[in-house]
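Per chain, numbering begins at 1; letters A, B, ... match sequence-line order.
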Amino acid sequence: MVNFELSKNDKTVLDALRSESLIARKYARQYDENEHEFPPDELPEAKDHPNFMSHMATRGAEDSGGSVMMTLIAMGSTWGDYSVRLRRRDSGLGNSALKAAGTPEQIEKWGGLTLAMAITEPGCGSDPSQVRTTATLDGDNWVINGEKIFVTTGCRADGVVVWATLDRSAGRAGIKSFLVEKGAPGFIVAHKEKKLGIRADDTAAYVFEDCRIPRSNLLGGKEEIPKGGSGGFKGVMKTFNMTRPLVAGLGLGMAEAALDFTREELSRAGIDIAYDVQGTTQSAAAAKFIELESAFEAAKLTMLRASWLADKGETNNIEASVSKAKAGGAVRDITQGCIEILGPMGISRAHLLEKWFRDVRITDIYEGTGEIQRMIIARGLLDYTRKELN
Amino acid sequence: MISFELSEEQTSVREAMQGFASDVLRPAAREYDEASAIPDLFFQQAWALGLTATQIPESYGGYGAERSPFTNALVLEELAYGDAALAVAAMTPCLFANALLDHGTDEQKQAHLAAFCGDSFHTGSLALSEPKPGFDPFAPSTTAEKKGSGYTLHGVKSFVPLAASAAHFVVIARSEDGLDAFIVPRDTPGLTVSETEKNLGLKALQTSELRLDGVDLPAAQRLGGAKGADVRRLINQGRVAISAVLTGLSRAVLDYCVPYSKERVAFDEPIAQKQSIAFRLAEMHMEIESSRWMTWKAASDLEAGRDATRSATMAKRYVAEKSMWISDNGVQVLGGHGFIREHPVELWYRNARTLGVLEGTATV
Ligand SMILES: Cc1cc2nc3c(=O)[nH]c(=O)nc-3n(C[C@H](O)[C@H](O)[C@H](O)COP(=O)(O)OP(=O)(O)OC[C@H]3O[C@@H](n4cnc5c(N)ncnc54)[C@H](O)[C@@H]3O)c2cc1C
């Protein structure tokens, strides 16, 4: 049956997360203003506070599925802060790639590490088929050369999944992913970026100079380059069907925080949000607020739809892109609109709204820009290949 | 738990409606719009689907299926994919029957529901909208004054669907108890039904204005008797219904634009290969999905008996805005051809603008 209500167990998990997020939020400004510091792995309050994830141990048939819960947890976490957590639990993007593409032995060996994901290069972002970083076989080693930028958790991660090409003339089919652990010779973490928002999040630039890794570090182990087609490329891109709804959730958590803050401030000013008054006759602030809140609901529902399909084991590539693109647009409209509603107090650094406005802006950029999501959706609708629509 | 899973029954109702929409509604849409009328044959065909009688309990003569606002929202989306005016027309008997089912006293149900369970088309209607700027259904100008043991109604109602053939109306008014509703037989002295209104869209659907000049009613005609009726719920049901209709309409627009833009060539390639067209189609799809889930969420609040004021209002406002945007783009994707009545996009454009401002024209 169609159901949009959380179960009792679902609520227990999310309520416990909410209380952790309230603590994390107290540190949000500090790590935003001190970009060179990393938030600690555990906040001081952690020792007196049980881990909300412990409630995920008891799940029943009437509870929401795992992927649905992960998107709701993503939202609940960033409602507190994008980067600060009571306890860090980042498994990086590279961990998703390892799970999707690694051999059982590789998953066993590296599953416990925090892994970043390095696809983007100075010369290519939206079109990863243009990766120029090379991997060359030399005896029992791969030798990697190239530059990677914008690597999330790049500084703190234990290792990274790197996209490199074995043969540029083979196009997409020649691109493989490699696992490089920190400390590999020739692997240099060049610097940490300074950003508009999500400043406490570490975003690194990497240089690989004749970086040597064992031959067995090729993810999935398939060294041959298939003739024609995309090879394993499409399979690798499937990782995004899982991560895109999560990215939507990360953005929506902050948008929800902005809405909650704005509603409270409006109410303090004597403006209540009434839903039983016609939009054309209610106050402009209330009408605008309901418009923003509806954008939030719509985006959240597309996120739940994409993750619900994932839980059912059904194809969700279009839905994942829909959720990412919807969230990418909604969170910008919402935070921009909340500032418009609150006026000068919205831009004051005495409040977090201006921070959320900066932080959410990444949602429509990484993991494929809004334009790239639209391209994926349009190709699906029109039954077009990348040749026909690009 | 979060779930988007339809029941087997809902899936099969949906499929049946898809068939009816493509076999009957879509082929007739243009002709009936041009004629500003719907022939009796259509009402008989729609009646045979049992849309109204299905959810009336057996004790009142119906088929006794569960009363389900959610399933009705599914039905409306599918029918409106065929044609919005005909979808609203086919469901108009429900406007009256569901109001009685949900809010009427046992006597009121006994008196009225059996007529909706017969073999031939029968309808009542709902009078909610009023002809004034910024009409707010929660604050109607129509009044019901207590007079002796009964009530006297004053006011003007507009856009009352199928008023010309309705045997009874549920009229929404403001009484000393707040929002109130009354069952008004069409021959009650003081009630006049106007000529058919001429509107921008939903042209096939005949609607009228109702004038209530001191319409005296016994207390027994108050919907829900001494307890009265939950008019908020009635308004919310209307909002969810309009959202469902507009979602179906939006889907029709996109499904028309996709093959058209793949065929139409400009500057040596199909216009669909231009990003400004392709991305527009992608956004239309995103908003159709969003519209459906917003509608479902509000419908499931109604289904569970929760107060749906917030979710229904958000759904209606959101879906109305997006369907306007989608149908606007539908015209643009076809260029000059979109402006010509040979294609349905201009009809959808008019219908979207019309439905977006309506209240109480459909129900779930
Ligand atoms: C904070 C942060 C964290 C990140 N984390 C990671 C990470 O962990 N790992 C990683 O590999 N990358 C990461 N990225 C990189 C991110 O995924 C890319 O920046 C993004 O995909 C866009 O690529 P680009 O910056 O090269 O922009 P470009 O590709 O140069 O795009 C510029 C503009 O052109 C548009 N555009 C491009 N192609 C098309 C097209 N075909 N049609 C229409 N418009 C088009 C884009 O939408 C965009 O608006 C991160 C970036 C940031 C800022």
Checklist entry - For B/Glu8, does the CD atom sit with more than 12 other heavy atoms under 6.0 Å from it, leaving out its own atoms? => result no

Item to check | Proximity breakdown for B/Phe70 and chain A, heavy-atom pairs closer than 4.5 Å | outcome: side chain

Item to check | Portion of A/Ala299 that has a non-hydrogen atom of chain B nearer than 4.5 angstrom | outcome: neither

Item to check | CD1-CG distance between A/Ile377 and B/Leu281, expressed to the nearest 0.5 angstrom | outcome: 11.0 Å

Checklist entry - So, A/Glu5 side chain and B/Ile2 main chain: donor-acceptor pair closer than 3.5 Å or not? => result no

Checklist entry - CE of B/Met314 to CD of A/Glu293: how many Å apart, nearest 0.5 Å? => result 4.5 Å

Checklist entry - Is it true that the NZ or CZ of A/Arg374 lies under 6.0 Å from the centre of B/Phe279's six-membered ring and within 45 degrees of the ring axis? => result no

Checklist entry - Of the backbone (N, CA, C, O) and the side chain (C-beta and beyond), which part of A/Val68 lies under 4.5 Å from a heavy atom of chain B, both, or neither? => result side chain

Checklist entry - Crowded around B/Asp177 CG? As in, over 12 foreign heavy atoms under 6.0 Å? => result yes

Checklist entry - Is there a donor-acceptor pair closer than 3.5 Å between any side-chain N or O of A/Thr302 and the backbone N or O of B/Ser290? => result no

Checklist entry - CD/A/Glu388 to NZ/B/Lys262 distance, rounded to the nearest 0.5 angstrom? => result 7.0 Å

Item to check | Proximal component of B/Arg280, with respect to chain A [non-hydrogen, under 4.5 Å] | outcome: neither

Checklist entry - For B/Ile235, is it the side chain, the backbone, both, or neither that has a heavy atom closer than 4.5 Å to a heavy atom of chain A? => result neither

Item to check | From CG (A/Asn3) to CD (B/Glu5), nearest 0.5 Å | outcome: 12.0 Å

Next on the checklist: Heavy-atom cut-off 4.5 Å, strictly under: side chain, backbone, both or neither for A/Met375 against chain B?
Outcome noted: both

Checklist entry - Do you know which of B/Asn236, B/Thr309, B/Leu6 has the most heavy-atom pairs with chain A at a distance under 4.5 angstrom? => result B/Thr309

Item to check | Contacting moiety of A/Ile376, where chain B heavy atoms sit under 4.5 Å | outcome: neither

Next on the checklist: Within a 6.0 Å radius of atom CD on A/Glu314, are there more than 12 heavy atoms belonging to other residues, nucleotides or ligands?
Outcome noted: yes

Next on the checklist: Can you tell me how far apart CD (A/Glu319) and NE2 (B/His285) are? Round to the nearest 0.5 Å.
Outcome noted: 6.0 Å

Checklist entry - Given that the side chain runs from C-beta out, which part of B/Glu283 has a heavy atom under 4.5 Å from chain A: side chain, backbone, both or neither? => result side chain

Checklist entry - Are any of the side-chain heavy atoms of A/Lys326 and B/Glu287 separated by less than 4.5 Å? => result yes

Next on the checklist: Working to the nearest 0.5 angstrom, can you tell me the gap between A/Leu301 CG and B/Glu289 CD?
Outcome noted: 11.0 Å

Item to check | Residue among B/Ala299, B/Gly134, B/Ser291, B/Ala272 with most heavy-atom pairs under 4.5 Å to chain A | outcome: B/Ala272

Item to check | Part of B/Ser7 within contact of chain A (heavy atom distance under 4.5 Å) | outcome: neither

Item to check | Heavy-atom proximity to chain A below 4.5 Å, by part of B/Pro270 | outcome: side chain

Checklist entry - Do B/Arg310 and A/Glu297 have side-chain heavy atoms sitting under 4.5 Å apart? => result yes

Next on the checklist: Taking the side chain as everything from C-beta on, heavy atoms only, tell me whether B/Glu359 gets closer than 4.5 Å to A/Gln278.
Outcome noted: yes

Checklist entry - Quick one: of A/Leu309, A/Asp276, A/Leu304, who has the most non-hydrogen atom pairs under 4.5 Å with chain B? => result A/Asp276

Next on the checklist: Is A/Ser64 in contact with chain B via its backbone, its side chain, both, or neither, using a 4.5 Å heavy-atom distance?
Outcome noted: both

Checklist entry - Heavy-atom distance under 4.5 Å to chain B: side chain of A/Lys8, backbone, both or neither? => result neither

Checklist entry - Side-chain contact, heavy-atom cut-off 4.5 Å: B/Met284 with A/Leu381? => result no

Item to check | Heavy-atom pairs under 4.5 Å with chain B, option from A/Asn9, A/Asp10, A/Val277, A/Ile273 with the top count | outcome: A/Val277

Next on the checklist: If you define the side chain from C-beta out and look only at heavy atoms, does anything of B/Ser261 sit under 4.5 Å from A/Leu382?
Outcome noted: yes

Checklist entry - So B/Phe4 and A/Phe4, would you call those rings parallel, tilted or perpendicular, with 30° and 60° as cut-offs? => result perpendicular

Checklist outcome for this item: Cut-off 4.5 Å, heavy atoms of chain A, and the answer for B/Arg292 is neither

Checklist entry - Is a side-chain donor or acceptor of B/Thr313 paired with a backbone partner of A/Tyr275 at a separation under 3.5 angstrom? => result yes

